[in-house]
> 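Structure incoming, see below.
Here the structure is a predicted model, which means the values were calculated and not measured. Order of listing sets the numbers, starting from 1, for every ligand and every atom in it.
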Amino acid sequence: MGTRKPYQLVSREWKQEDTTFVVNGVTIGKDLMMIAGPCAVENREQIFTISEFLAKKNIKFLRGGAYKPRTSPYSFQGLKTEGLELLREAADKYGLAVVSEIMSTDKIEELVTYADILQVGTRNMQNYPLLKALGKCGKPVLLKRGMGSTIEEWLLAAEYIVSGGNERVILCERGIRTFETATRNTIDIAAIPLIKHLSHLPIISDPSQGTGIRDIVSPVSNAAIAAGADGLIIEVHNQPNEALSDGDQSLYLDQLGDLLPQLSAQAKLRNKRFDFETAILISSLS
Ligand code: PEP
Ligand code: MN
(Lines give C-alpha, C1' and ligand atoms only; values in the text may rest on other atoms or scores of the structure.)
(Ligands and ions follow the chains in the order given, each with its own letter.)
Protein backbone atom coordinates (compact mmCIF):
# COMPACT_ATOMS: atom_id res chain seq x y z
CA MET A 1 0.00 0.00 0.00
CA GLY A 2 1.93 2.99 -1.20
CA THR A 3 1.20 6.68 -1.15
CA ARG A 4 2.63 9.16 -3.65
CA LYS A 5 4.92 10.77 -1.07
CA PRO A 6 8.26 9.14 -0.18
CA TYR A 7 7.22 9.20 3.47
CA GLN A 8 4.22 7.14 4.43
CA LEU A 9 3.34 6.64 8.10
CA VAL A 10 3.79 10.34 8.91
CA SER A 11 1.69 11.51 5.97
CA ARG A 12 -1.78 13.00 6.13
CA GLU A 13 -2.77 10.58 3.37
CA TRP A 14 -1.93 7.65 5.63
CA LYS A 15 -3.74 9.07 8.64
CA GLN A 16 -6.23 11.91 8.35
CA GLU A 17 -6.75 12.83 12.00
CA ASP A 18 -4.14 14.81 13.93
CA THR A 19 -1.83 12.76 16.13
CA THR A 20 -2.31 13.77 19.75
CA PHE A 21 -0.86 12.43 22.97
CA VAL A 22 -0.82 13.55 26.57
CA VAL A 23 2.31 14.53 28.47
CA ASN A 24 2.04 16.15 31.90
CA GLY A 25 -1.66 16.92 31.43
CA VAL A 26 -1.18 18.67 28.09
CA THR A 27 -2.69 17.11 24.97
CA ILE A 28 0.09 17.73 22.49
CA GLY A 29 -1.27 18.38 19.00
CA LYS A 30 -4.45 19.87 20.46
CA ASP A 31 -3.64 22.14 23.41
CA LEU A 32 -0.97 24.83 23.11
CA MET A 33 2.32 23.24 24.17
CA MET A 34 4.61 25.74 25.85
CA ILE A 35 8.20 24.65 26.50
CA ALA A 36 10.55 27.14 28.09
CA GLY A 37 13.87 27.12 29.89
CA PRO A 38 17.53 27.87 29.42
CA CYS A 39 19.56 26.76 26.44
CA ALA A 40 21.76 24.81 28.86
CA VAL A 41 21.46 23.78 32.48
CA GLU A 42 24.19 25.70 34.27
CA ASN A 43 23.66 25.43 38.01
CA ARG A 44 21.05 24.73 40.69
CA GLU A 45 20.05 28.33 41.31
CA GLN A 46 19.52 28.98 37.61
CA ILE A 47 17.35 25.98 36.94
CA PHE A 48 15.29 26.27 40.14
CA THR A 49 14.66 30.00 39.67
CA ILE A 50 13.50 29.47 36.10
CA SER A 51 11.40 26.42 37.01
CA GLU A 52 9.58 28.29 39.76
CA PHE A 53 8.74 31.06 37.31
CA LEU A 54 7.43 28.59 34.72
CA ALA A 55 5.25 26.85 37.29
CA LYS A 56 3.73 30.18 38.35
CA LYS A 57 2.86 30.85 34.71
CA ASN A 58 1.35 27.40 34.26
CA ILE A 59 3.98 26.39 31.71
CA LYS A 60 4.23 22.60 31.91
CA PHE A 61 7.46 21.87 30.04
CA LEU A 62 11.00 22.73 31.13
CA ARG A 63 13.73 22.68 28.51
CA GLY A 64 17.44 22.58 29.24
CA GLY A 65 20.41 21.03 27.52
CA ALA A 66 22.64 18.77 29.61
CA TYR A 67 24.54 17.46 26.59
CA LYS A 68 25.09 20.41 24.29
CA PRO A 69 26.08 20.18 20.63
CA ARG A 70 28.34 23.22 20.30
CA THR A 71 29.90 24.46 17.10
CA SER A 72 33.22 24.96 18.89
CA PRO A 73 34.82 22.23 21.02
CA TYR A 74 35.99 25.02 23.36
CA SER A 75 32.43 26.19 24.18
CA PHE A 76 30.55 24.96 27.26
CA GLN A 77 29.49 21.38 26.51
CA GLY A 78 26.85 21.01 29.22
CA LEU A 79 26.77 19.59 32.75
CA LYS A 80 25.91 16.11 31.44
CA THR A 81 24.56 13.74 34.13
CA GLU A 82 24.66 16.45 36.78
CA GLY A 83 22.56 18.65 34.49
CA LEU A 84 19.98 15.92 34.01
CA GLU A 85 19.77 15.38 37.77
CA LEU A 86 19.17 19.09 38.34
CA LEU A 87 16.51 19.20 35.62
CA ARG A 88 14.66 16.24 37.10
CA GLU A 89 14.82 17.56 40.64
CA ALA A 90 13.54 21.01 39.65
CA ALA A 91 10.87 19.56 37.37
CA ASP A 92 9.59 17.24 40.09
CA LYS A 93 9.48 20.06 42.62
CA TYR A 94 7.48 22.33 40.30
CA GLY A 95 5.33 19.79 38.44
CA LEU A 96 7.09 20.17 35.10
CA ALA A 97 8.00 17.73 32.34
CA VAL A 98 11.61 17.72 31.13
CA VAL A 99 12.70 18.23 27.51
CA SER A 100 16.41 17.62 26.93
CA GLU A 101 18.66 16.88 23.99
CA ILE A 102 19.88 13.45 22.98
CA MET A 103 23.06 13.51 20.89
CA SER A 104 24.02 9.86 20.55
CA THR A 105 22.58 6.38 20.91
CA ASP A 106 24.81 5.52 23.85
CA LYS A 107 23.08 8.18 25.96
CA ILE A 108 19.48 7.09 25.29
CA GLU A 109 19.32 4.87 28.35
CA GLU A 110 20.40 7.76 30.56
CA LEU A 111 18.14 10.34 28.90
CA VAL A 112 15.00 8.23 29.20
CA THR A 113 15.52 7.90 32.94
CA TYR A 114 15.63 11.70 33.45
CA ALA A 115 13.71 13.33 30.59
CA ASP A 116 10.07 13.09 29.52
CA ILE A 117 10.68 14.19 25.94
CA LEU A 118 13.94 13.64 24.02
CA GLN A 119 15.02 16.47 21.76
CA VAL A 120 16.89 15.72 18.53
CA GLY A 121 18.84 18.81 17.56
CA THR A 122 19.22 20.30 14.11
CA ARG A 123 22.70 18.82 13.76
CA ASN A 124 21.39 15.30 14.34
CA MET A 125 18.25 15.32 12.22
CA GLN A 126 19.93 12.98 9.78
CA ASN A 127 21.72 10.81 12.33
CA TYR A 128 19.98 7.67 11.16
CA PRO A 129 21.26 5.23 13.81
CA LEU A 130 19.99 7.70 16.44
CA LEU A 131 16.59 8.09 14.74
CA LYS A 132 16.21 4.31 14.49
CA ALA A 133 17.06 3.83 18.16
CA LEU A 134 14.57 6.54 19.14
CA GLY A 135 11.88 4.49 17.44
CA LYS A 136 12.32 2.08 20.34
CA CYS A 137 13.06 4.48 23.21
CA GLY A 138 9.54 4.59 24.66
CA LYS A 139 9.50 8.40 25.07
CA PRO A 140 8.14 11.19 22.86
CA VAL A 141 10.71 12.78 20.56
CA LEU A 142 11.00 16.45 19.63
CA LEU A 143 12.55 16.42 16.16
CA LYS A 144 14.15 19.70 15.11
CA ARG A 145 14.45 20.47 11.44
CA GLY A 146 17.97 20.15 10.06
CA MET A 147 19.34 23.61 9.30
CA GLY A 148 20.08 22.52 5.73
CA SER A 149 17.20 20.11 5.30
CA THR A 150 14.13 20.25 3.10
CA ILE A 151 10.68 19.60 4.47
CA GLU A 152 10.69 16.25 2.70
CA GLU A 153 13.98 15.21 4.33
CA TRP A 154 12.61 16.32 7.69
CA LEU A 155 9.46 14.25 7.30
CA LEU A 156 11.56 11.28 6.21
CA ALA A 157 13.60 11.68 9.40
CA ALA A 158 10.32 11.55 11.35
CA GLU A 159 9.38 8.47 9.32
CA TYR A 160 12.49 6.71 10.68
CA ILE A 161 11.25 7.19 14.25
CA VAL A 162 7.61 6.35 13.55
CA SER A 163 8.45 3.29 11.44
CA GLY A 164 10.67 2.13 14.30
CA GLY A 165 7.58 1.94 16.49
CA ASN A 166 7.33 5.38 18.10
CA GLU A 167 4.45 7.53 16.89
CA ARG A 168 4.97 10.19 19.55
CA VAL A 169 6.98 12.60 17.41
CA ILE A 170 6.71 16.39 17.61
CA LEU A 171 8.23 18.31 14.71
CA CYS A 172 10.02 21.57 15.48
CA GLU A 173 10.71 24.31 12.93
CA ARG A 174 13.85 26.13 14.14
CA GLY A 175 15.00 27.98 11.05
CA ILE A 176 17.27 27.11 8.16
CA ARG A 177 20.49 28.46 6.68
CA THR A 178 20.03 31.03 3.93
CA PHE A 179 22.13 33.90 2.55
CA GLU A 180 20.75 36.11 5.32
CA THR A 181 23.07 36.72 8.24
CA ALA A 182 21.13 39.44 10.10
CA THR A 183 19.20 36.72 11.91
CA ARG A 184 20.90 33.56 13.19
CA ASN A 185 18.68 31.39 10.98
CA THR A 186 15.80 32.10 8.62
CA ILE A 187 12.69 30.82 10.32
CA ASP A 188 10.36 29.16 7.87
CA ILE A 189 6.89 30.14 9.02
CA ALA A 190 5.38 28.73 5.83
CA ALA A 191 6.65 25.29 6.83
CA ILE A 192 4.12 25.25 9.68
CA PRO A 193 0.85 25.28 7.69
CA LEU A 194 2.50 23.20 4.97
CA ILE A 195 3.47 20.49 7.48
CA LYS A 196 -0.09 20.58 8.81
CA HIS A 197 -1.21 19.81 5.29
CA LEU A 198 1.36 17.09 4.63
CA SER A 199 1.47 15.35 8.00
CA HIS A 200 -0.70 14.47 10.99
CA LEU A 201 2.17 15.01 13.45
CA PRO A 202 2.17 17.98 15.84
CA ILE A 203 4.49 20.84 14.93
CA ILE A 204 5.92 23.52 17.19
CA SER A 205 8.25 26.44 16.54
CA ASP A 206 11.57 27.50 18.08
CA PRO A 207 11.78 31.27 17.64
CA SER A 208 14.93 31.39 19.79
CA GLN A 209 17.26 29.39 17.52
CA GLY A 210 15.11 30.65 14.64
CA THR A 211 16.05 34.30 15.14
CA GLY A 212 18.99 34.47 17.54
CA ILE A 213 17.74 37.88 18.70
CA ARG A 214 15.96 38.26 22.04
CA ASP A 215 13.82 41.24 21.07
CA ILE A 216 12.24 39.60 18.05
CA VAL A 217 11.42 36.28 19.73
CA SER A 218 7.97 37.48 20.88
CA PRO A 219 6.63 38.73 17.52
CA VAL A 220 7.93 35.61 15.80
CA SER A 221 6.29 33.45 18.48
CA ASN A 222 2.98 35.12 17.71
CA ALA A 223 3.52 34.57 13.99
CA ALA A 224 4.17 30.87 14.50
CA ILE A 225 0.98 30.38 16.51
CA ALA A 226 -0.99 32.42 13.97
CA ALA A 227 0.37 30.12 11.26
CA GLY A 228 -1.01 27.10 13.10
CA ALA A 229 1.84 25.87 15.30
CA ASP A 230 0.84 23.56 18.15
CA GLY A 231 3.28 25.19 20.51
CA LEU A 232 6.61 26.88 21.10
CA ILE A 233 9.97 26.12 22.61
CA ILE A 234 11.50 29.31 23.96
CA GLU A 235 14.83 29.99 25.63
CA VAL A 236 14.56 32.00 28.83
CA HIS A 237 17.17 32.78 31.49
CA ASN A 238 17.15 34.45 34.90
CA GLN A 239 20.36 36.28 33.89
CA PRO A 240 20.64 36.16 30.09
CA ASN A 241 23.76 38.34 30.07
CA GLU A 242 25.59 35.73 32.16
CA ALA A 243 24.32 32.72 30.21
CA LEU A 244 26.92 30.13 29.20
CA SER A 245 25.15 29.56 25.88
CA ASP A 246 22.71 31.47 23.68
CA GLY A 247 22.31 34.42 26.06
CA ASP A 248 21.63 36.85 23.20
CA GLN A 249 18.49 34.98 22.20
CA SER A 250 17.28 34.15 25.71
CA LEU A 251 14.31 36.10 27.01
CA TYR A 252 14.34 37.75 30.41
CA LEU A 253 11.76 36.10 32.65
CA ASP A 254 9.61 39.25 32.47
CA GLN A 255 9.67 39.19 28.69
CA LEU A 256 8.29 35.66 28.70
CA GLY A 257 5.68 36.79 31.21
CA ASP A 258 4.62 39.61 28.89
CA LEU A 259 4.34 37.28 25.91
CA LEU A 260 2.02 34.77 27.58
CA PRO A 261 -1.22 36.81 27.57
CA GLN A 262 -0.74 37.40 23.83
CA LEU A 263 -0.27 33.69 23.20
CA SER A 264 -3.17 32.86 25.45
CA ALA A 265 -5.46 35.17 23.44
CA GLN A 266 -4.29 33.62 20.19
CA ALA A 267 -4.71 30.11 21.56
CA LYS A 268 -8.31 30.91 22.41
CA LEU A 269 -8.97 32.05 18.83
CA ARG A 270 -7.59 28.77 17.58
CA ASN A 271 -9.47 26.65 20.14
CA LYS A 272 -6.22 25.59 21.74
CA ARG A 273 -6.22 25.26 25.50
CA PHE A 274 -3.60 27.31 27.35
CA ASP A 275 -4.70 28.00 30.91
CA PHE A 276 -2.61 31.06 31.53
CA GLU A 277 -5.47 32.83 33.35
CA THR A 278 -5.86 29.86 35.70
CA ALA A 279 -2.19 30.18 36.54
CA ILE A 280 -2.65 33.83 37.48
CA LEU A 281 -5.37 32.83 39.91
CA ILE A 282 -3.29 30.04 41.40
CA SER A 283 -0.15 32.16 41.72
CA SER A 284 -2.05 35.02 43.32
CA LEU A 285 -3.23 32.62 46.03
CA SER A 286 0.28 31.49 46.96
C1 PEP B 1 18.83 24.23 21.40
O2 PEP B 1 17.61 24.02 21.44
O3 PEP B 1 19.46 24.82 22.29
C4 PEP B 1 19.56 23.80 20.19
C5 PEP B 1 20.86 23.53 20.22
O6 PEP B 1 18.74 23.71 19.11
P7 PEP B 1 19.08 23.41 17.59
O8 PEP B 1 19.46 21.98 17.54
O9 PEP B 1 17.79 23.72 16.91
O10 PEP B 1 20.20 24.34 17.19
MN1 MN C 1 20.18 27.09 22.34
> Tell me which N, O or S atom from D246 is the closest to the Mn ion (ligand 2).
OD2

> Counting C-beta onward and ignoring hydrogens, is there a side-chain heavy-atom pair between L260 and I59 closer than 4.5 Å?
yes

> Flag the pair V169 / L142 as yes when at least one side-chain heavy-atom distance between them is below 4.5 Å, and no otherwise.
no

> Compute whether any side-chain donor of one residue and acceptor of the other, for Q209 and N185, lie under 3.5 angstrom apart.
no

> Would you check if there is a donor-acceptor pair between the side chains of D106 and S104 at a distance under 3.5 Å?
yes

> Does R214 come within less than 4.0 Å of E235, counting only side-chain N to carboxylate O?
no

> Cut-off 3.5 Å, side chains only: do T19 and K15 have a donor facing an acceptor?
yes

> Provide, line by line, the atom pairs where ligand 1 and the protein bring an N/O atom each to a distance under 3.5 Å; else say none.
residue  : atom   : partner : partner atom : Å
ligand 1 : 2 (O)  : R63     : NH1          : 2.8
ligand 1 : 2 (O)  : R63     : NH2          : 3.3
ligand 1 : 2 (O)  : Q119    : NE2          : 3.0
ligand 1 : 2 (O)  : K144    : NZ           : 3.1
ligand 1 : 2 (O)  : Q209    : NE2          : 3.2
ligand 1 : 3 (O)  : R63     : NH2          : 2.9
ligand 1 : 3 (O)  : K68     : NZ           : 3.0
ligand 1 : 3 (O)  : Q209    : NE2          : 3.4
ligand 1 : 3 (O)  : E235    : OE2          : 3.1
ligand 1 : 6 (O)  : K144    : NZ           : 2.8
ligand 1 : 8 (O)  : T122    : N            : 2.8
ligand 1 : 9 (O)  : K144    : NZ           : 2.7
ligand 1 : 9 (O)  : R174    : NE           : 2.7
ligand 1 : 10 (O) : R123    : NH1          : 3.4
ligand 1 : 10 (O) : R174    : NH2          : 2.8

> Are E89 and R44 close enough for a salt bridge, meaning some N to O gap below 4.0 Å?
yes

> Among the N, O or S atoms of E235, which one sits nearest to the Mn ion (ligand 2)?
OE2

